[in-house]
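Structure first, commentary second.
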Amino acid sequence: MAFRRRNKSYPFFSQEFLIQNHADIVFSLVIFILIGLMFETTAKTAVLFIQPQYNISTMSADGEVTLYHYGWKDCATVLFYLCITIILHAVVQEYVLDKVNRRLHLSKSKNTKFNESGQLCVFYLVSSLWSLYVITTEGYILHPSSLWENYPHVHLRFQVKFFYLTQLAYWFHTLPELYFQKIRKEEIPRQLQYVSLYLLHILAAYLLNLTRVGLVLLFLQYLSEMGFHLSRLFYFIDENHHKMFEMWSVGFVLTRMITLTLMFLAVGFGLARSENQMLDLETGNFNTLSIRLLVMFMVCFTQSWLLWKFFRFQLSRTREMRLEQVARKRAAAKHQMQRTLKRDSGTYCKNHFFPKFVKSWH
């Protein structure tokens, strides 16, 4: 199974060979783990990578229900789905984005941004629809108070735990992709910045048993980011598309306000009224004043930083647009003046020099 057209063959175990064939190598590793399910001696180890661990069965009104909690074995599951994400990344790049790039004939810098927005747009679309489905089926929309009631939310349903594991797998997979995609050195700090923020917030929500609030906040964030990258894709296709950026700007500010409001409501107000406010690692209770303040500070700082960057970008963009308008007006005035001078000089020659020439000829 080849994901890339190979214009040149490189020596085995070389850097170029690894970059060119990384998807095939990872695919072989996934197949090796799946084959392990066929044998009794390796099936338990293979299941450790494929299936979420730490499941318990409880009785409810609907019958027996299987719930999950987290532990160190989740690292193996995240690693397996990290490999799956690398394969899907290569499939989207090869069969969708590369074909579109060959038709658009973009520059090298725009080509890199187009690939980045294309990959993230697919991920944000799938994740936002998936998170919306989970939020709806879990009843968080109809009962917002369930986001903080009965904390700690140690036991998770399969779809909630699997969602968090795949989110961690995706954002961890972006780190080796910086090497596989040969990202320019000046772009690496920017990408490491937002990848680290995503990993920090997702891990905090997962490990501190704030999965319900984190799920809603991720949905809002992914929906806003999908709007931005979708607008950028349309802009690369046709540079006259600017209205989508204006719509995204309004949605971006609203998302920041809703996120801060929901965070203060759930953590600052809901968890603060809970009776159990003692640190207990065995029961997974992290509802203490210091941890609540730390979580709120982390979220508020991130949202404020995003707003600051947004407004700074908008101000610089407005300044650049004004300078462009002034330059265009000056160029138009200069062009009009040249046309006027050319017309007046032609009229002057016609009215003065041509009659004198005719008179002297006669």
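Predicted model only: the values in this text are computed from it and were never measured.
- Of the possible polar contacts, one joining the Arg212 side chain to the Ser146 backbone as a donor-acceptor pair under 3.5 Å is found.
- A side-chain donor-acceptor contact under 3.5 Å links Ser316 to the backbone of Phe313.
- Nearest heavy-atom pair, Tyr164 versus Gly214, reported as atom, atom and distance to 0.1 Å: OH-C, 3.4 Å.
- Put simply, the side chain of Leu307 reaches to within 4.5 Å of the side chain of Met257, judged on heavy atoms.
- Here the closest non-hydrogen pair linking Asn209 and Tyr151 is O-CE1, 3.2 Å.
- Between the side chains of Asn101 and Asn115, at least one donor N or O lies within less than 3.5 Å of an accepting N or O.
- Put simply, the side chain of Asn55 never gets that close to the backbone of Thr66: no donor and acceptor are under 3.5 Å apart.
- At least one donor-acceptor pair under 3.5 Å links the side chain of Tyr54 to the backbone N or O of Lys73.
- For the pair Ser117 (side chain) and Phe114 (backbone), a donor-acceptor distance under 3.5 Å is absent.
- A ring-centre distance under 6.0 Å is found for Phe123 and Tyr222.
- With hydrogens and angles disregarded, a donor-acceptor distance shorter than 3.5 Å links the side chain of His173 to the backbone of Tyr170.
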Q. When you look at Ile50 and Tyr81, which way does the side chain to side chain contact (heavy atoms under 4.5 Å, CB included) test go after all the steps?
A. CA-CA 8 Å; Ile50 299 172; Tyr81 288 100; 4.1 Å; yes

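- Within the model, atoms CZ of Phe32 and SG of Cys83 stand 12.5 Å from one another, a figure rounded to the nearest 0.5 Å.
- Heavy atoms only, all atoms of each residue included: Tyr133 and Gln159 are closest at CE2-OE1, 3.5 Å.
- Between Trp171 and Tyr194, the ring planes are perpendicular. Angles over 60° get that label, and only those under 30° would be called parallel.
- Between the side chains of Gln181 and Glu116, no donor-acceptor pair of N or O atoms lies under 3.5 Å.
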Q | Test side chain to side chain contact (heavy atoms under 4.5 Å, CB included) applied to Phe245 and Phe228, step by step | A | CA-CA 7 Å; Phe245 280 111; Phe228 169 74; 4.1 Å; yes

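- A distance-only check finds no donor-acceptor pair linking the side chain of His89 to the backbone of Thr85 [under 3.5 Å].
- Leu233 contributes atom CG, which lies 13.0 Å from atom NZ of Lys113 (distance to the nearest 0.5 angstrom).
- Hydrophobic clustering places Leu175 together with Leu168 (ILVMFWY residues linked when any side-chain heavy atoms are closer than 4.5 Å, directly or through intermediates).
- One finds the OG1 atom of Thr255 at 6.0 Å from the CG atom of Leu220 (value rounded to the nearest 0.5 Å).
- In the hydrophobic clustering of this structure, Leu265 groups with Ile258; members are Ile, Leu, Val, Met, Phe, Trp, Tyr whose side-chain heavy atoms approach within less than 4.5 Å, directly or through other members.
- Aromatic rings from Tyr68 and Phe162 are positioned such that their centres are separated by 6.0 Å or more.
- Between Ile183 and Glu177, the closest heavy-atom pair is CG1-O, 4.4 Å.
- Atom CD of Glu40 sits in a sparse spot, with 12 or fewer heavy atoms from other residues, nucleotides or ligands closer than 6.0 Å.
- Taking the six-membered ring where tryptophan is involved, the planes of Phe301 and Phe297 are essentially parallel, since the angle between them stays under 30° and well short of 60°.
- For the pair Arg256 and Phe252, the distance from NZ or CZ to the six-membered ring centre is under 6.0 Å and the angle to the ring normal is within 45 degrees.
- Cluster membership check: Leu207 shares its hydrophobic cluster with Leu217, using side-chain heavy-atom separations under 4.5 Å among Ile, Leu, Val, Met, Phe, Trp and Tyr.
- Trp248 contributes a side-chain N or O that, together with a main-chain N or O of Ser224, makes up a donor-acceptor pair within less than 3.5 Å.
- Here the side chains of Lys309 and Trp305 are in contact, with some heavy-atom distance below 4.5 Å.
- In this structure, Asn287 and Leu271 approach most closely via the heavy-atom pair ND2-O, 3.0 Å.
- The main-chain N or O of Ala272 is found under 3.5 Å from a side-chain atom of Gln277 such that the two form a donor-acceptor pair.
- Arg232 places none of its side-chain heavy atoms less than 4.5 Å from the side chain of Lys110.
- For the 3.5 Å distance criterion, the side chains of Thr112 and Glu187 fail to qualify, holding no donor opposite an acceptor.
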Q: Applying side chain to side chain contact (heavy atoms under 4.5 Å, CB included), run through Val96 and Val122 and close with a yes or a no.
A: CA-CA 11 Å; Val96 180; Val122 173; over 6 Å; no

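- The only option from Thr77, Thr211, Asp74 that meets the side chain to side chain donor-acceptor pair (under 3.5 Å) definition with Lys161 turns out to be Asp74.
- Between the side chains of Gln221 and Tyr198, a donor-acceptor pair is found at a separation under 3.5 Å.
- Using modelled atom types and a 3.5 Å distance limit, the side chains of Thr58 and His155 yield no donor-acceptor pair.
- Between the side chain of Gln53 and the backbone N or O of Gln51, at least one donor-acceptor pair lies under 3.5 Å.
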